[in-house]
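As structure tokens, the structure follows; a few thoughts come after it.
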Amino acid sequence: MTEFTPVSATVGGLMVGLSAGLLLLLRGRIAGISGIIGRALSQPLGDGGWRLAFLVGLPIGAAAVSLATGRLVVEVAASTPVLVAAGLLVGFGTQLGDGCTSGHGVCGIARGSKRAIAATLAFMTSGAITVFAVRHLLGASS
Amino acid sequence: MKLLAALLSGVLFGVGLAVSQMTNPAKVQAFLDVAGAWDPSLAFVMAAALVVSSISVVLARRRSQSLLGEPLQIPAAATIDLRLIAGATLFGVGWGLGGLCPGPALAALSTGVPEVWVFTASMLAGMLSYRWIFRVAPIRE
């Protein structure tokens with residue numbers, strides 16, 4: 001169980017949106033993380049290596065917050081086998097469906113893409129059903 | 001300059017994810033747990049991100065190229081097909097199971113929590129398996 005944190009959620013969201021806006025306006029690129037990783041895997045230094053530069057920035061940014069605030073909570077409820085399965089599904093699914101929470105959920109919906117809206121509805125729905133099944137049908141706590 | 005722009009954008013993205021606590025799988029799963037102790041924080045993250053992102057799209061569409069003189073690579077695909085929905089649905093199942101999606105996973109690597117590294121390694125394996133199975137099918141995003 002976690003606390004509802006509307007202020008930090010909004011501030012963080014504004015930063016994520018600003019990041020996507022900067023990447024689009026400065027570099028003409030979409031901040032879709034799964035697409036960036038997918039293409040960086042096949043061509044790490046393609047297009048001047050901007051993908052690796054962007055991806056390296058993600059843990060640096062999180063580390064900066066961790067240093068500034070003294071802590072960054074990461075609570076993982078899933079067991080190792082479940083995490084492995086989850087990773088495979090996220091990896092495969094985002095490549096098949098051309099995007100994730102950032103590419104579809106933030107960037108795609110921002111330009112009114114029907115594909116992005118449909119994809120976001122699909123992963124929100126399957127995610128909610130999965131959590132419902134794990135927590136309320138199979139009875140896993142936390 | 002161009003690389004620095006990409007790096008700074010990534011850093012800001014990571015800061016935003018950490019500030020909003022989307023790097024915490026429990027927080028994400030609490031958002032998806034609509035039948036339990038629902039935590040709507042993620043919706044606020046997305047809504048706030050969408051406001052700024054939408055403004056940037058409006059600004060970008062007025063331009064013929066990016067501020068650093070590059071082509072604007074805005075996806076034009078419009079067809080909702082089985083591939084899109086199947087992929088998004090599989091992604092959602094994994095997202096619900098682990099509470100992590102690609103951005104927060106990479107950002108949370110910085111915490112050194114072993115589970116995040118396990119998830120990320122598996123995620124990369126999933127991406128590579130897609131490329132292997134589909135022989136690097138064209139990506140349209």
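Order of the sequence lines sets the chain letters (A, B, ...), proteins ahead of strands, with each chain counted from 1.
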Where do Phe31(B) and Trp38(B) come nearest, in terms of heavy atoms and distance?
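Distance-wise, the nearest heavy atoms are O-NE1, 2.6 Å.
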
Side chain / backbone / both / neither for [X] at chain B, heavy atoms under 4.5 Å:
X: Phe4(A); result: both
X: Ser8(A); result: both
X: Thr120(A); result: side chain
X: Leu25(A); result: both

Which answer fits [X], side chain, backbone, both or neither, if we ask what part of it has an atom under 4.5 Å from a heavy atom of chain A?
X: Val51(B); result: neither
X: Gln21(B); result: side chain
X: Thr23(B); result: both
X: Ala35(B); result: both
X: Leu42(B); result: side chain
X: Pro40(B); result: both
X: Val116(B); result: side chain

Looking at [options], which one has more heavy-atom pairs under 4.5 Å with chain B than the rest?
options: Val65(A), Leu83(A), Val74(A); result: Val74(A)
options: Thr10(A), Val11(A), Val16(A); result: Val16(A)
options: Gly87(A), Gly97(A), Gly93(A); result: Gly87(A)
options: Leu23(A), Thr5(A), Leu55(A), Ile60(A); result: Thr5(A)
options: Ile129(A), Val73(A), Val82(A), Leu22(A); result: Val73(A)

Pick from [options] with the largest number of heavy-atom pairs that fall under 4.5 Å of chain A:
options: Arg63(B), Glu115(B), Met22(B); answer: Glu115(B)
options: Leu109(B), Ile85(B), Leu4(B); answer: Ile85(B)
options: Pro25(B), Gly69(B), Ala78(B), Gly98(B); answer: Pro25(B)
options: Val118(B), Leu100(B), Val93(B), Leu90(B); answer: Val93(B)
options: Cys101(B), Gly96(B), Ser20(B), Ser9(B); answer: Ser9(B)
options: Leu72(B), Leu17(B), Leu67(B); answer: Leu67(B)

Aromatic plane relationship, Phe54(A) with Phe13(B) - under 30° parallel, 30 to 60° tilted, over 60° perpendicular:
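Ring orientation, 0 to 90° scale: perpendicular.
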
Is Arg39(A) salt-bridged to Asp47(A), going by a charged N under 4.0 Å from an acidic O?
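Looking at Arg39(A) and Asp47(A), the cut-off is not met.
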
Residues Ser41(B) and Asp39(B): side-chain donor-acceptor under 3.5 angstrom
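There is such a pair between these side chains.
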
Does any donor atom in the side chain of Asp33(B) or His136(A) lie under 3.5 Å from an acceptor atom in the other side chain?
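Yes, a side-chain donor-acceptor pair sits under 3.5 Å.
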
Quick one: list whatever passes ring-ring contact (aromatic ring centres under 6.0 Å, His included) with Phe119(B), sequence neighbours left out.
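If we apply the ring-ring contact (aromatic ring centres under 6.0 Å, His included) test to Phe119(B), skipping adjacent residues, there are no hits.
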
Measure the spacing between [atom1] of [X] and [atom2] of [Y] and express it to the nearest 0.5 Å.
X: Leu14(A); Y: Leu50(B); atom1: CG; atom2: CG; value: 11.0 Å
X: Ser34(A); Y: Met127(B); atom1: OG; atom2: CE; value: 5.5 Å
X: Ile30(A); Y: Gln73(B); atom1: CD1; atom2: CD; value: 9.0 Å

So with a 6.0 Å cut-off around CD of Gln65(B), is the heavy-atom count from everything else above 12?
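Enclosed.
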
Please list all pairs passing the side-chain hydrogen bond (donor to acceptor under 3.5 Å, both in side chains) test where one or both residues lie in residues 55-79 of chain A, with sequence neighbours left out.
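Listed by first then second residue: Glu75(A)-Asn24(B).
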
Mark yes or no for whether Ser66(B), through its side chain, and Glu70(B), through its backbone, hold a donor-acceptor pair below 3.5 Å.
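Judged by distance alone, yes, a pair lies under 3.5 Å.
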
Apply side-chain contact (heavy atoms from CB on, under 4.5 Å) to Thr94(A) and Met123(B), showing your working.
CA-CA 10 Å; Thr94(A) 54; Met123(B) 177 181 84; 5.9 Å; no

